[in-house]
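Some notes on the structure that comes next.
Convention: sequence-line order gives letters A, B, ...; per-chain numbering from 1.
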Amino acid sequence: MLDIRKIRENPDFYREHLARRNSGDEKLIAQVLALDEKRRKLLQESEALKSERNRTSKEIGAIKAKGGDIAEVSARMKAVGEQITRLDQDLAGIETEQTDLLLRIPNANHDSVPVGKTAEDNRIERIIGKPAEFSFKPKPHWEIGAQLGLIDLEAATKISGSGFIVFKGQGARLERALISYLLDLHTGQHGYTEISPPFMVRGECMIGTTQFPKFIDQQYAVTEEPPLYLVPTAEVPVTNLHREEILPADKLPIRYAAYTPCFRREAGAAGVGTRGLTRVHQFDKVELVHIVKPEESYATLETLVGHAERVLKELGLHYRVVSLCTGDIGFGAAKCYDIEVWAPGVGAWLEVSSCSNFEDFQARRMNLRYKNSEGKNIFCHTLNGSGLALPRLFIALLETYQQADGHILLPEPLQPYLGGLKKL
RNA sequence: GGACAGGUGGCUGAGUGGUUUAAGGCACUCGACUCGAAAUCGAGCGUACCCUUUAAAGGUACCGUGGGUUCGACUCCCACCCUGUCCGCCA
């Protein structure tokens, strides 16, 4: 959520930044400012009347103590009270409207974010490794996986519909191995504290991390009373762990790593780019979350990307890091790097991680602050990135390490997690 | 799910309709005393918003949450939430 006072002070700055997102949201600035003006006018009227009532009520107390007559002044204050009630009702309506609008305005982007309209305009920061070479035509993962009995997409469709995966045998074991490997790497080498959160959360959490209100139709609701939602990413429960808190400065920075399944409705139609495991309603992911002081957040973003890249380097996978342009970047992010792994079987770059700095955009929504050295309460900056998303990592492993005889070689770091197994 | 108890500032703890402007204490900050410290003494010390703005001052709201009664609610009424303890159910 943007700071209404900053919008008030510098509306052009936000109009320009939002216009670069080409989502048309810059028009909301004028709307929110109009509401804000109305709101403050009503607030001032209401507060002036309350001030009068407070003063007069004390006088009434004094008059009564002396045995005086309060009928006339009391009646007058009753009228004032009714007027206050009316004003406050109007005010509450406008405040709700304003907050709702503010929750729908996306974040302004950092100056280093490339300006552009589509994914074509994203800036490629670096390409690491080389594409795997084959003496045969590499197969897509759904063929390899079916042949080796690692996955069964038809069974998944039968029990849950399209967009679900059944892992079987060594496939299921590989999935489990990857979760352990990723958590061990990040907690052991990168200093993260492991969190195992609930997979269902309240609506407030979804507001905090920007899924609500705008993207509510992409979420699964589980119960109606109380409303609970399946997490679309561990970002939601983990970042909200400290919602409504004022953290002591020495608790920062906070680094959490969490495995959860992720549930997404992904309204998009099936077709190219959605076959196999690339785009599913439920997938596993290890997520990295940082809560930091504002002055540290951009250095932290680079560190975070490095932690995610480390996985691909260790596993010997070919990947690139892309800086998302203003037209492609997510709603809440000020800056975002995507990490894309090369999948030789399908011949495409697949997004396996999205590392974002939200600055104080999420922190404002969840009222997450820390007390600085001067004793002031300052909104924290929050960041998160996948470390990594499992199905696409699974795809890259199958397609990159496939052999002419149909088997898959396992990269060395994974072998201990599969009981020393070297190939599938 | 049932019964009982409770929810007030960073902590503790008073407060049953009007000098509550939330007492007192602890902690913290500054000052005095001291070579220094402790003790003692003095002062300060919540959050958010509004107005003004170089600043200061001022206003409003906040005692679990939301309603209600009243000129006026920490205080009275209603509903709900949470915590603790016990009971029931349960992998």
Side-chain angles (χ1 to χ4, degrees), chain A residues 1-11 32-103 196-208 222-229 237 240-252 261 360-380:
Chain A
M1 185 158 64
L2 297 175
D3 183 352
I4 184 64
R5 275 176 303 188
K6 285 187 185 159
I7 298 178
R8 212 185 286 150
E9 280 165 22
N10 206 347
V32 81
L33 284 175
L35 278 173
D36 184 51
E37 201 170 318
K38 226 158 131 188
R39 193 193 107 239
R40 285 184 296 149
K41 193 163 162 283
L42 284 174
L43 184 65
Q44 283 166 43
E45 277 179 51
S46 168
E47 288 188 352
L49 289 176
K50 283 176 184 167
S51 179
E52 187 191 341
R53 181 176 66 182
N54 287 346
R55 197 166 12 87
T56 310
S57 288
K58 266 176 213 160
E59 288 168 14
I60 290 175
I63 293 168
K64 248 179 107 174
K66 287 179 198 151
D69 177 30
I70 59 162
E72 191 259 344
V73 65
S74 171
R76 213 174 69 224
M77 281 307 107
K78 192 179 173 76
V80 168
E82 280 160 8
Q83 200 179 344
I84 289 170
T85 302
R86 277 197 302 276
L87 282 171
D88 281 352
Q89 272 167 5
D90 291 350
L91 192 56
I94 285 174
E95 272 173 355
T96 303
E97 213 179 320
Q98 180 176 329
T99 303
D100 190 60
L101 194 55
L102 275 173
L103 288 174
S196 180
F199 301 160
M200 294 187 273
V201 295
R202 298 168 180 271
E204 301 95 87
C205 293
M206 298 289 243
I207 289 173
V222 187
T223 60
E224 284 181 16
E225 206 50 55
L228 285 173
Y229 304 89
N240 278 287
L241 240 31
H242 296 289
R243 62 178 295 111
E244 306 286 349
E245 285 186 22
I246 300 171
L247 299 164
D250 61 14
K251 269 194 103 170
L252 299 180
D360 64 6
F361 194 78
Q362 294 184 328
R364 282 181 187 283
R365 289 172 164 240
M366 57 181 94
N367 201 21
L368 165 58
R369 294 169 292 172
Y370 82 100
K371 201 170 274 294
N372 74 4
S373 54
E374 288 163 7
K376 286 215 155 223
N377 297 335
I378 311 283
F379 285 110
C380 300

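At whole-Å resolution of the value, CG in A/Asn377 and P in B/C49 are 11 Å apart. In this entry the distance linking CD1 of A/Ile63 with P of B/G72 reads 15 Å, nearest Å.
Each of A/Gln89 and A/Lys376 was assigned the nucleotide of RNA chain B with the nearest heavy atom; the assignment lying further toward the 5' end belongs to A/Lys376.
If you check residues 32-51 of chain A against RNA chain B, the residues with a heavy atom closer than 4.0 Å are A/Arg39, A/Arg40, A/Leu43, A/Gln44, A/Glu47, A/Lys50, A/Ser51, listed by number. For the segment residues 72-87 of chain A, residues with any heavy atom less than 4.0 angstrom from an atom of RNA chain B are, sorted by number, A/Ser74, A/Met77, A/Lys78.
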Which pairs would a plain distance check flag for residues 81-101 of chain A, meaning a side-chain donor or acceptor within less than 3.5 Å of a matching protein atom at least two apart in sequence or in another chain?
unit_1, atom_1, unit_2, atom_2, d
A/Thr85, OG1, A/Gly81, O, 3.0
A/Asp88, OD1, A/Ser46, OG, 2.8
A/Asp88, OD2, A/Lys50, NZ, 3.2
A/Thr96, OG1, A/Ala92, O, 2.8
A/Gln98, OE1, A/Arg39, NH1, 3.4
A/Thr99, OG1, A/Glu95, O, 2.9
A/Asp100, OD2, A/Arg104, NE, 3.3

Under 3.5 Å, side-chain donor or acceptor atoms of residues 241-251 of chain A against the rest of the protein: list the pairs with distances, not counting sequence neighbours.
unit_1, atom_1, unit_2, atom_2, d
A/His242, ND1, A/Glu245, OE1, 3.0
A/His242, NE2, A/Tyr256, OH, 2.8
A/Arg243, NH1, A/Glu204, O, 3.2
A/Arg243, NH1, A/Asn240, OD1, 2.7
A/Glu244, OE1, A/Asn367, ND2, 3.4

Provide a list of protein-nucleic acid N or O atom pairs under 3.5 angstrom, restricted to nucleotides 16-18 of chain B.
unit_1, atom_1, unit_2, atom_2, d
B/G18, O6, A/Lys64, NZ, 3.0
B/G18, N2, A/Ser57, O, 2.6

Can you pull every protein N or O that's under 3.5 Å from an N or O on nucleotides 89-91 of chain B?
none

So which protein N/O to nucleotides 53-56 of chain B N/O distances come out below 3.5 Å?
none

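In this structure, A/Arg5 reaches the B/C49 phosphate: one of its side-chain N or O atoms is under 4.0 Å from OP1 or OP2. Regarding contacts with the backbone of B/C50, a side-chain N or O of A/Arg8 is found under 4.0 angstrom from either OP1 or OP2. Between A/Arg369 and B/A48 there is a side-chain polar atom (N or O) within less than 4.0 angstrom of OP1 or OP2. Within the structure, every side-chain polar atom (N or O) of A/Asn54 is placed at least 4.0 Å from both OP1 and OP2 of B/G72.
Under the side-chain hydrogen bond (donor to acceptor under 3.5 Å, both in side chains) criterion, A/Arg202 pairs with no residue at all, not counting sequence neighbours. Remark: A/Lys41 pairs with A/Glu45 by the salt bridge (charged side-chain N to carboxylate O under 4.0 Å, His left out) rule, at least two apart or across chains. Residues satisfying the side-chain contact (heavy atoms from CB on, under 4.5 Å) test with A/Met1, not counting sequence neighbours, are A/Leu102, A/Leu103, A/Arg364, A/Arg365.
Secondary structure note: stems in RNA chain B built from 3 or more consecutive Watson-Crick or G-U wobble pairs under 3.5 Å occupy B:1-7 with B:81-87, B:10-12 with B:24-26, B:28-32 with B:40-44, B:46-50 with B:58-62, B:64-68 with B:76-80.
Under a cut-off of 6.0 angstrom, the local environment of NZ in A/Lys38 is sparse, with at most 12 non-hydrogen atoms contributed by other residues, nucleotides or ligands.
Counting only residues at least two apart or on different chains, no salt bridge (charged side-chain N to carboxylate O under 4.0 Å, His left out) pair has a member in residues 54-63 of chain A.
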